[in-house]
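Shown next, in structure tokens, is the structure this report addresses.
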There are 2 protein chains.
Amino acid sequence: MSTMVWRDDSGRSLADWPRPSVAVDVALLTVRDGRLAVLVHRRTDGYAAGAWSLPGTFVHEHERLADTALRALRDKAGVGGQRPEQLGVFDDPRRDARGRVLSVAHVDLVPADRLPDALLVPVVDGRAELPDGGDLAFDHGLILRRAVDWARALYRDRPDPRGLLPAVEFTLLDLLRLHEAVLGEELQKDTFRRRMLAGLVETPGRSRGSVGKPARLFRRIDGDGDVRDLTAPRE
Amino acid sequence: MSTMVWRDDSGRSLADWPRPSVAVDVALLTVRDGRLAVLVHRRTDGYAAGAWSLPGTFVHEHERLADTALRALRDKAGVGGQRPEQLGVFDDPRRDARGRVLSVAHVDLVPADRLPDALLVPVVDGRAELPDGGDLAFDHGLILRRAVDWARALYRDRPDPRGLLPAVEFTLLDLLRLHEAVLGEELQKDTFRRRMLAGLVETPGRSRGSVGKPARLFRRIDGDGDVRDLTAPRE
DNA sequence: GGAATAGTGTCTCTGAGACAATATCTA
DNA sequence: TAGATATTGTCTCAGAGACACTATTCC
């Protein structure tokens with residue numbers, strides 16, 4: 001790697017050409033109280049102060065985009081992400097009145113216990129239910145909708161790829177409730193059981209302390225958390 | 001819209017922050033001689049002269065990315081695109097030795113008769129067969145692979161969403177050969193017929209001038225060309 | 001025993017895929 | 001008529017979905 005700045009025939013470097021600003025906005029999803037929720041951020045200073053938005057920040061010069069996403073979560077909301085995935089670039093020229101800002105939207109999905117309750121709002125029908133009843137700033141409503149689609153596709157055929165269940169061992173009912181929260185619709189017990197069984201490992205244990213027949217405990221198959229999401233952009 | 005430049009509390013505008021360069025690279029695919037082919041571009045001047053690459057260019061300040069893609073095709077290869085779709089951002093910090101360049105990869109798929117034969121190379125197994133037997137510059141090999149996956153997903157359940165067939169009316173065998181070219185594998189006639197029939201309109205016409213029973217002629221159902229690709233980024 | 005929940009048997013429906021029979025043209 | 005291609009009938013297989021029956025626990 002050379003430290004010299006590359007210049008073309010007319011002596012210009014890349015920095016001499018006009019460039020848009022590049023931001024990364026992150027829809028950090030989780031499941032709380034049996035519902036999908038998204039982490040939002042009250043803009044305190046600078047542009048659009050007072051409005052609710054997804055956490056976002058501008059890309060640093062030598063940073064990978066996924067790292068930008070993690071940094072946005074840390075700096076703007078004080079939370080850690082898990083594995084941000086790219087959703088796409090939002091490029092409407094008028095999406096930010098400050099000037100030309102491209103947003104590389106990201107999504108992540110983490111257990112709720114790592115997140116401050118105060119910043120989470122429920123997602124109903126693909127929309128964020130903000131305290132003031134309004135909408136997310138910029139085009140973040142569009143980003144959220146795409147993020148929800150992403151999460152639903154990710155969970156449709158896999159038990160728990162992002163490790164949202166609190167314990168290592170869980171019953172099929174625990175898993176069913178998680179999936180109902182992500183999908184936003186009710187599922188059939190028997191069909192669901194058969195669909196998930198291939199991705200689970202039986203354990204000798206049984207659930208305790210409830211009414212009715214104790215349920216068998218399962219754990220995720222090795223590698224379930226590492227399954228690639230084939231629909232998401234990845235370099 | 002104000003023409004004033006926005007400034008934050010410390011008087012800085014967006015342009016005062018470091019920004020990466022943003023390029024758009026386009027995998028323009030077509031079908032020629034019963035095979036998928038990609039349009040490549042011999043870099044003549046500037047960086048990496050002499051190497052083969054996908055056509056690409058830097059984003060202008062107030063341009064939509066899809067327009068950047070069309071401009072790259074026009075300026076670098078003198079061809080027109082149809083409807084570029086975003087594949088994702090390639091952000092490896094070392095993907096371009098000149099400096100930090102993000103590439104928003106795009107893909108497009110157009111009939112071969114609009115393209116100069118000299119710039120087309122066959123795509124075999126997701127790789128471009130370049131005249132010198134080498135590889136595409138930068139990470140364009142990765143972009144091409146993703147572009148091929150995109151095209152295959154687009155054609156799997158639809159007759160001819162990008163209008164690659166030369167005539168308005170065509171037989172099912174014409175369509176079958178097109179699909180075999182895109183998918184890179186042979187298909188069963190009867191299964192294929194039944195899968196496609198829902199998206200086609202029968203015409204009274206029959207094929208002429210061949211051996212065997214003349215085949216019925218079909219045309220695309222209205223709107224087939226406008227089918228949204230739900231997997232591709234879209235704002 | 002009764003209530004509640006877990007787990008299984010089985011039926012239907014749909015679609016993919018494959019094979020083969022029938023239909024209709026040209027030479 | 002022979003050869004070639006188009007079109008359709010039908011069989012199998014797999015999976016989703018739904019219903020209902022059986023099993024096992026706590027009270």
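Below, read A as the first sequence line, B as the second, and so on, with proteins coming before strands; counting in each chain starts at 1. Since the structure is predicted, the reported quantities are computational estimates derived from the model, not experimental observations.
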Study note, to complete from the structure: Rounded to the nearest 0.5 angstrom, the NE2-CD distance for H106(A) and Q86(A) is 5.0 Å

Practice item. Considering just the side-chain nitrogens and oxygens of R195(A), establish if one lies under 4.0 Å of OP1 or OP2 belonging to dA16(D). Key: no

Review point. On a plain distance test, is the side chain of R193(A) in donor-acceptor contact with the base of dG17(D) below 3.5 Å?
Key: no

**Study point:** Protein-nucleotide distance (R177(B), atom CZ; dA6(D), atom C1'), rounded to Å
**Key:** 13 Å

Review point. Reckon R206(A) touches a base, only the sugar-phosphate, or nothing at all at heavy-atom distances under 4.0 Å?
Key: nothing

**Study point:** Nearest-nucleotide pick for A215(B), side chain only, options being dT25(D), dG17(D), dA6(D)
**Key:** dA6(D)

Review point. Which pair of heavy atoms, one from L187(A) and one from E180(A), lies closest together, and at what distance?
Key: N-OE2, 2.9 Å

Check your understanding: What is the distance, rounded to the nearest whole Å, between atom NZ of K189(A) and atom P of dA16(D)?
Key -> 19 Å

Practice item. Check the distance between dA16(D)'s P and R156(A)'s CZ and give it to me in whole angstrom. Key: 12 Å

Check your understanding: Crowded around D125(A) CG? As in, over 12 foreign heavy atoms under 6.0 Å?
Key -> no

Practice item. May I have the distance from L217(A) (atom CG) to dA6(C) (atom P), rounded to whole angstrom? Key: 11 Å

Practice item. Specify the residue among R194(B) and L173(B) whose closest nucleotide of DNA chain D lies further upstream toward the 5′ end. Key: L173(B)

Point to revise | Q188(B) vs dA18(C): side-chain N/O to OP1/OP2 distance below 4.0 Å | key: yes

Exercise for review: Starting at atom NZ of K213(A), determine the distance to atom P of dT5(C), rounded to an integer number of angstrom.
Suggested key: 14 Å

Review point. Taking atom types as modelled, is there a side-chain donor on T203(B) or R219(B) under 3.5 Å from an acceptor on the other?
Key: no

Check your understanding: Nearest-Å distance, CE (M196(B)) to C1' (dG17(C))?
Key -> 15 Å

Check your understanding: R216(A) has an atom CZ; how far is it from atom P of dA23(D), in whole Å?
Key -> 16 Å

Point to revise | Quiz item: cation-pi between R42(B) and W52(B), 6.0 Å / 45° | key: yes

**Study point:** Separation of atom CG in L172(A) from atom P in dA23(D), rounded to whole Å
**Key:** 20 Å

